[in-house]
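Before any comments, here is the structure.
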Amino acid sequence: MSAIKEMVMAKAITAALRDELAADQKTLLIGEDIGALGGVFRVTEGLQAEFGPHRVIDSPLAESGIVGTSIGMAMRGYRPVAEIQFDGFVFPAFNQITTQLAKMHNRTDGRVKVPVTIRLPYGGHIGSIEHHSESPEALFAHTAGLRILAPSNPQDAYWMTRQAIVSDDPVIILEPKRRYWLKGKVDLDNPAPDAFRAQVLREGTDATIATYGPLVPVALAAAEAARAESRSIEVVDIRSISPLDDETIARSAAKTQRLIVAHEAPTFGGIGGEIAARVAERAHHRLLAPVLRVGGFHMPYPPSAQEHRYLPDIDRMLEAVDRSFSYQRSA
Amino acid sequence: MSAIKEMVMAKAITAALRDELAADQKTLLIGEDIGALGGVFRVTEGLQAEFGPHRVIDSPLAESGIVGTSIGMAMRGYRPVAEIQFDGFVFPAFNQITTQLAKMHNRTDGRVKVPVTIRLPYGGHIGSIEHHSESPEALFAHTAGLRILAPSNPQDAYWMTRQAIVSDDPVIILEPKRRYWLKGKVDLDNPAPDAFRAQVLREGTDATIATYGPLVPVALAAAEAARAESRSIEVVDIRSISPLDDETIARSAAKTQRLIVAHEAPTFGGIGGEIAARVAERAHHRLLAPVLRVGGFHMPYPPSAQEHRYLPDIDRMLEAVDRSFSYQRSA
Amino acid sequence: MSDGRPARRASISGAVGEDHTVQPEEVQPVQLLTPEGKLAENEVYSPFIAELSAEKLRELYRYMAMERRLDAEATSLQRQGQLALWAPALGQEAAQVGTIAAIKSSDMVFPTYREHAMALYRGISPEELLTMFRATRHTGWDPREHNFHVYTLVLASQTLHAAGWAMGIKQDRRTDSVPRDRAEDEIVVACIGDGATSQGDAHESMVFAASYELPLLYFIQNNHWAISVPTRTQSRGPLVNRAKGYGFEGVRVDGNDVLASYAVASKLSGDIRAGSGPKLIESVTYRMGAHTTADDPTKYRSSEEEELWKGRDPIARYRSWLSSAGHADEGFFAEVDAEYKDLAADMRKSVLALEPIDLDRVFDTVYSEPHRQVETEKAWLKDYEAGFAEEQTEAGTAG
Amino acid sequence: MSDGRPARRASISGAVGEDHTVQPEEVQPVQLLTPEGKLAENEVYSPFIAELSAEKLRELYRYMAMERRLDAEATSLQRQGQLALWAPALGQEAAQVGTIAAIKSSDMVFPTYREHAMALYRGISPEELLTMFRATRHTGWDPREHNFHVYTLVLASQTLHAAGWAMGIKQDRRTDSVPRDRAEDEIVVACIGDGATSQGDAHESMVFAASYELPLLYFIQNNHWAISVPTRTQSRGPLVNRAKGYGFEGVRVDGNDVLASYAVASKLSGDIRAGSGPKLIESVTYRMGAHTTADDPTKYRSSEEEELWKGRDPIARYRSWLSSAGHADEGFFAEVDAEYKDLAADMRKSVLALEPIDLDRVFDTVYSEPHRQVETEKAWLKDYEAGFAEEQTEAGTAG
Ligand SMILES: Cc1ncc(C[n+]2csc(CCOP(=O)(O)OP(=O)(O)O)c2C)c(N)n1
Ligand SMILES: Cc1ncc(C[n+]2csc(CCOP(=O)(O)OP(=O)(O)O)c2C)c(N)n1
Ligand SMILES: [Mg+2]
Ligand SMILES: [Mg+2]
């Protein structure tokens with residue numbers, strides 16, 4: 001008998017944190033305002049009251065300190081889960097993440113494990129001010145030693161969070177802020193598919209849209225809209241950015257022969273380029289059009305009064321599908 | 001009459017710095033050990049003696065401080081040229097570069113210019129220890145607001161440095177450490193081609209190798225070696241990573257119908273993916289094979305006793321050329 | 001190996017994350033006006049007040065009141081969905097007005113994001129101030145016009161910009177190129193919150209300032225909270241002591257006392273102008289409102305504490321002294337009230353009229369010189385959106 | 001707006017980057033052994049020395065001498081092209097040995113990259129120590145075996161790891177889960193250079209340590225230089241004062257005096273064990289050699305300065321006292337010399353025998369669990385290199 005509950009994504013993450021705190025004494029949470037306040041998104045709400053201030057630790061206001069001390073705690077056998085308050089404020093911790101956290105296991109020849117999880121609420125479309133809507137995943141994916149997950153629904157959010165915490169590797173979880181209040185079923189007994197694999201969420205035959213995190217519901221809606229125009233779109237939820245399950249994505253692309261990759265992060269230098277290059281290598285002769293990308297523009301995230309024109313939406317995805325089809329005509 | 005001098009790359013940069021210090025009172029250098037010592041690579045040698053300690057400033061040991069105060073000086077009308085001692089030590093400055101330097105002009109609606117130049121000695125093959133051989137360019141290229149240059153020869157090094165300093169935008173110059181002692185002619189009167197465009201260095205017909213910085217001489221040597229096998233390789237020096245001159249690269253790829261992109265940075269999430277995706281978009285139907293990439297592996301830069309197996313070399317480039325040709329056979 | 005000595009048994013109390021009981025070593029803040037509104041004598045600081053004209057004294061009040069009015073209005077605009085967010089400065093008016101009134105208008109200020117009273121004092125209009133919070137643009141004013149940098153949200157980053165600016169000042173002097181519109185004895189003010197002092201950048205700024213003996217005044221507003229985190233999580237001792245670590249002077253001041261705030265800032269900025277190198281003010285005040293409109297302080301602080309600080313309201317205290325000392329009468333206060341009622345109405349109108357920045361303009365300011373990728377994308381977006389417009393026209397025609 | 005007061009004219013002297021003349025406020029370092037090798041009395045610190053056995057006193061000498069021998073040998077190995085680089089600890093032996101001898105072997109130490117004497121004291125072998133410098137592996141020893149973390153080159157990063165480790169200690173105590181092999185009164189030592197104290201991470205570490213009252217001892221080796229940059233560019237006042245900024249105690253010690261180094265570390269570590277929270281040592285010493293073998297100190301410091309410090313050699317000083325106090329005779333010194341001659345020869349042999357790590361092993365340790373891209377690339381490289389082997393075999397056959 002399995003316990004299936006309907007939850008919003010934020011609360012699925014809370015549940016995952018609670019379950020891991022309960023399962024392992026060594027699991028700790030650390031971050032700014034995660035205690036009495038429960039975090040600015042209330043994801044840690046109630047956890048300090050339940051597990052005490054020594055396990056749900058309000059830190060000084062210093063991100064490098066949060067990640068750096070998490071590394072030290074992890075060396076000593078703890079499993080710290082660090083919350084960075086917003087995407088745009090992860091950069092003071094960039095050095096600790098890139099030169100220390102990512103490399104520790106490798107540089108010590110596997111002797112020192114640093115099972116740190118970094119929770120990073122990310123992405124736009126929340127009508128916020130500067131620095132509160134960014135998608136920095138590509139800046140971490142390039143660095144070997146980090147695992148990067150991007151759940152798009154409550155079930156994944158719950159299980160990926162748990163899997164991240166029990167993993168002996170450092171994991172960054174990108175939590176799509178605009179989907180915190182998205183409802184969905186969470187099966188608390190039966191794990192979601194392997195966190196590090198992509199998943200075909202909707203089958204189709206004419207083209208594939210591959211995306212992750214906040215844009216998955218958009219891709220599904222785009223596929224639905226395309227059906228009206230008698231186009232059958234397959235949707236792949238990429239789920240894990242590092243490792244990248246290029247196999248599943250390429251298989252889908254080889255099948256539909258057209259691939260569109262979408263993310264909120266700026267296209268230029270984004271992870272979409274990596275996916276496009278990899279899929280082309282694996283499926284060049286199957287593709288009827290180059291892999292096309294839909295992403296943010298090469299600009300700092302704009303004032304949110306204009307974010308609707310910046311962020312990929314259904315129309316932008318369908319335009320890319322159209323463009324993909326236009327290649328066939330010209331071929 | 002033009003003054004053409006033979007110089008090593010390091011001294012071409014010294015000359016560029018000297019000429020800009022002389023040309024504009026507002027130009028300043030700042031960094032660790034750049035004064036009496038002349039920098040650990042002696043690139044600023046003699047400049048403090050010539051221009052004084054107030055124009056060639058030894059900073060406290062703090063990279064965020066170096067970039068952050070450079071921003072402040074730039075706001076006040078100066079043109080600071082900041083030296084980061086080694087690639088691996090740029091990360092403490094990552095926040096100032098990414099959230100402040102890159103965005104200042106945009107977020108102030110163009111009111112505040114921050115003409116900061118960051119000199120970043122980078123790349124491997126110098127037999128050094130950890131953190132001294134990295135290629136972090138992709139981590140900057142993704143961020144709008146920065147310009148990123150990668151000279152591969154003394155002439156470019158001289159002129160790109162000058163162009164970077166006079167540019168009103170922030171510029172990061174990747175100085176390929178292993179080529180500091182590479183000799184070449186510098187025409188002190190006639191500028192190199194526009195710093196922000198790519199350049200075809202060698203014409204060919206069968207395939208193109210596009211690369212930048214330290215690997216350009218390797219690509220030229222690979223092209224020479226390929227000639228022995230009667231393959232005609234075109235070599236493109238990418239030169240500017242942001243902006244990226246995809247037009248020139250794609251034109252070459254469309255002509256030779258095969259493209260290999262090489263960089264020392266790890267392939268995964270590297271700028272090669274961006275180039276591959278862009279070129280495919282522009283030249284999909286002209287390409288006989290997918291764009292192939294040659295780069296570092298998904299690992300922290302290994303101990304330098306093993307760097308020869310990690311770094312792209314002539315053989316790795318030629319293997320990629322072969323692989324590119326193998327696609328034709330299978331098509 | 002030795003076990004060290006004395007070999008007492010460990011008795012370390014308290015765990016990480018617990019509310020420790022150790023009290024910070026207390027440093028009495030400078031106070032010139034008691035909470036009851038009486039003037040206290042202070043040999044060093046009172047003279048700075050003595051020479052203030054009644055007009056100037058009233059001006060201080062005026063700006064404090066203006067901020068408070070604006071704050072209430074902005075909060076209500078946010079409630080009505082007209083602002084993305086608002087960060088009230090409620091309770092910090094005296095700290096801010098006293099400090100900025102003590103420096104020259106040509107001195108550059110690097111604010112964090114709550115220095116509304118300082119911004120107003122520098123002539124920034126309410127709608128310029130609210131632009132960022134309406135999210136129509138990232139910033140609403142020209143920092144060069146007001147010598148007041150744009151708000152910086154990545155905490156403590158601006159303290160390094162301030163240090164760099166101060167390096168520029170010294171460079172200007174060294175090369176006899178002080179700009180016409182600047183004072184020969186120019187200084188810089190770097191604002192920072194109690195929470196943000198924990199950031200590495202705050203430290204590096206102070207290291208640079210001390211090393212280069214920069215004309216830089218740090219203005220820490222210790223308002224007791226960094227969102228839900230109390231100041232003691234950032235520092236066991238008073239923040240003013242941080243200055244000692246770098247070898248420069250710091251002064252703790254009652255930030256709810258506008259006169260003390262003015263006097264301390266006058267004294268320290270004067271010293272800096274005279275060549276002392278950097279100084280630091282820890283202004284002890286209180287964030288009477290929520291962190292921002294998205295915050296709920298009842299989750300982390302007691303109403304007793306809030307009540308206590310209501311009793312220390314900086315405006316009430318000053319107003320009562322202004323009256324009792326005869327520097328202002330009821331007529332003045334009524335006039336100020338009326339003036340700000342108008343201000344509020346005007347402000348509401350002009351804020352609602354703020355146009356979102358055009359995305360083209362965002363494209364155009366990513367760089368100051370042309371950039372291939374920006375141009376391509378800008379052109380693409382234009383075409384793309386034009387396509388929609390066409391479709392709509394077509395649809396319109398068809399319908 | 002007011003112009004502030006007093007309205008004295010600016011007279012700020014010196015420009016950014018100039019050698020300022022302001023002298024740092026001096027703090028006399030604790031010294032128990034004069035440069036002439038005489039014992040000085042100190043009420044607080046002498047008792048820690050009084051109880052040291054002659055054997056222990058000789059042991060201190062032994063490790064100092066060992067480091068110096070290793071240092072000479074490593075420098076010559078580097079000159080012969082057998083090391084990528086070497087960073088000598090020459091001159092800092094007393095600071096390092098005195099400090100590490102005063103703590104327990106179960107206390108974790110987070111070194112920077114020049115703590116060779118400390119490493120040796122912890123039983124790390126010369127070839128393990130030199131592995132990183134031969135660039136055959138990033139690190140040569142198992143930090144868990146020696147309670148001595150690997151060297152960290154990104155300056156000051158390790159101070160935060162030390163703080164995290166100390167948080168773990170407190171957590172262990174709180175949950176009654178102190179590991180068997182650890183002391184109940186465990187502490188941590190975070191090493192850092194004078195230059196690295198300027199990094200933001202050093203600050204954040206101290207903020208966390210103070211806030212959580214961590215059992216953490218900061219050990220700053222102020223060796224007067226950060227490559228070519230003198231300590232005064234990092235700090236106008238003595239670095240020991242940094243501790244005051246965070247509200248904990250710091251002590252300045254003569255780092256060329258092994259006895260004082262031992263006593264101060266004993267005293268402070270004992271206090272920390274007893275629950276005092278963090279403490280800081282500024283050990284004033286001198287980098288007698290080059291920064292690394294890639295450096296040329298003649299470019300930035302005077303030979304007078306170097307001569308001055310040669311006269312303060314920590315080993316000569318200690319040796320002369322050991323003899324005069326009758327704790328060691330010429331026989332002992334001769335024995336030590338002989339022993340380290342052997343050590344040097346052995347070390348040379350074992351260093352030259354160090355095998356470069358296999359790239360497969362590098363692949364295998366990027367993650368502790370399988371990772372698709374790593375596996376693909378590892379397999380690719382294997383195929384690729386096998387292809388070469390084949391080609392060579394073919395060529396061999398053909399030739
Ligand atoms: C680097 C960074 N981390 C986190 C945040 C999120 N944040 C915004 S304000 C704030 C608290 C700031 O406290 P304090 O410095 O005391 O200033 P106050 O809000 O009290 O004025 C936090 C954590 C941020 N803006 N920047
Ligand atoms: C973050 C960072 N920046 C720069 C460097 C390059 N670097 C290596 S050692 C050094 C000087 C360190 O000086 P100090 O902290 O005084 O230690 P010492 O070398 O004197 O032992 C520098 C600048 C580095 N390793 N890390
Ligand atoms: Mg605060
Ligand atoms: Mg030093």
(request) Measure A/Arg278 against the heavy atoms of chain D and call it side chain, backbone, both or neither at under 4.5 Å. (result) side chain

(message) Taking side chain as everything from C-beta outward and backbone as N, CA, C, O, which of these in A/Leu146 sits under 4.5 Å from a heavy atom of chain D? Side chain, backbone, both or neither.
(response) backbone

(request) Identify which part of A/Ser240 has an atom lying under 4.5 Å from any heavy atom of chain D, answering side chain, backbone, both or neither. (result) neither

(request) Indicate the atoms forming the closest heavy-atom contact of D/Phe110 with A/Met75, along with that distance. (result) CE2-SD, 3.7 Å

(request) Flag the one option from D/Thr152, D/Thr175, D/Ile169 with the top tally of heavy-atom pairs under 4.5 Å to chain A. (result) D/Ile169

(request) Name the member of A/Leu244, A/Thr99, A/Asp246 that forms the most heavy-atom pairs with chain D at distances under 4.5 Å. (result) A/Leu244

(message) For A/Gly145 versus D/Tyr367, what's the shortest heavy-atom pair and its separation?
(response) N-OH, 3.1 Å

(message) What part of D/Phe363 gets within 4.5 angstrom of chain A, counting heavy atoms only: side chain, backbone, both, or neither?
(response) neither

(message) For a 4.5 angstrom cut-off between non-hydrogen side-chain atoms, does A/Arg147 reach D/Glu369?
(response) yes

(request) Measure from NZ or CZ of D/Arg372 to the centre of the six-membered ring of A/Phe196, then state whether that distance is under 6.0 Å and the direction lies within 45° of the axis. (result) no

(message) Could you tell me if the side chain of D/Asp201 sits less than 4.5 Å from the side chain of A/Asn95, heavy atoms only?
(response) yes

(request) Report yes or no: does A/Arg111 contribute a side-chain atom to a donor-acceptor pair with the main-chain N or O of D/Pro143 at less than 3.5 Å? (result) no

(request) Against chain A, work out which of D/Val150, D/Asp142, D/Val154, D/Thr139 has the most heavy-atom pairs shorter than 4.5 Å and name it. (result) D/Asp142

(message) For a 4.5 angstrom cut-off between non-hydrogen side-chain atoms, does A/Glu274 reach D/Gln373?
(response) no

(message) Between A/Glu247 and chain D, with a heavy-atom cut-off of 4.5 Å, which part of the residue counts as in contact: side chain, backbone, both or neither?
(response) both

(request) Write down the atom of D/Ser177, the atom of A/Tyr78, and the distance for their closest heavy-atom approach. (result) OG-OH, 4.4 Å

(request) Report yes if some heavy atom in the side chain of A/Asp169 is under 4.5 Å from a heavy atom in the side chain of D/His371; otherwise report no. (result) no

(message) Are there residues of residues 155-163 of chain D whose heavy atoms fall under 4.5 Å of chain A's heavy atoms? If so, which?
(response) D/Ser157, D/Leu160, D/His161, D/Ala163

(request) Would you mind checking which part of A/Lys26 comes under 4.5 Å of any heavy atom in chain D, side chain (CB onward), backbone (N, CA, C, O), both or neither? (result) side chain

(request) Could you check which of D/Val374, D/Thr376, D/Val366 has the highest count of heavy-atom pairs closer than 4.5 Å to chain A? (result) D/Val366

(request) Let me know if A/Asp245 has heavy atoms under 4.5 Å from chain D in its side chain, its backbone, both or neither. (result) both

(message) Determine whether a donor-acceptor pair (N or O, by modelled atom type, separation under 3.5 Å) exists between the side chain of D/Arg361 and the backbone of A/Asp109.
(response) yes

(request) Supply the atom-to-atom distance D/Gln171 CD to A/Gln25 CD, rounded to the nearest 0.5 angstrom. (result) 9.0 Å

(request) Would you mind reporting whether A/Arg76 and D/Asp172 have side-chain heavy atoms less than 4.5 Å apart? (result) yes

(request) Could you list which of residues 62-71 of chain A have a heavy atom closer than 4.5 Å to any heavy atom of chain D, in residue-number order? (result) A/Ala62, A/Glu63, A/Ser64, A/Gly65, A/Ile66, A/Gly68, A/Thr69, A/Ile71

(request) Answer with yes or no whether the side chains of A/Thr108 and D/His149 bring together a donor and an acceptor at under 3.5 Å. (result) no

(request) Could you have a look at A/Ala102, A/Pro115, A/Ser167, A/Gly77 and say which one has the most heavy-atom pairs with chain D under 4.5 angstrom? (result) A/Ser167

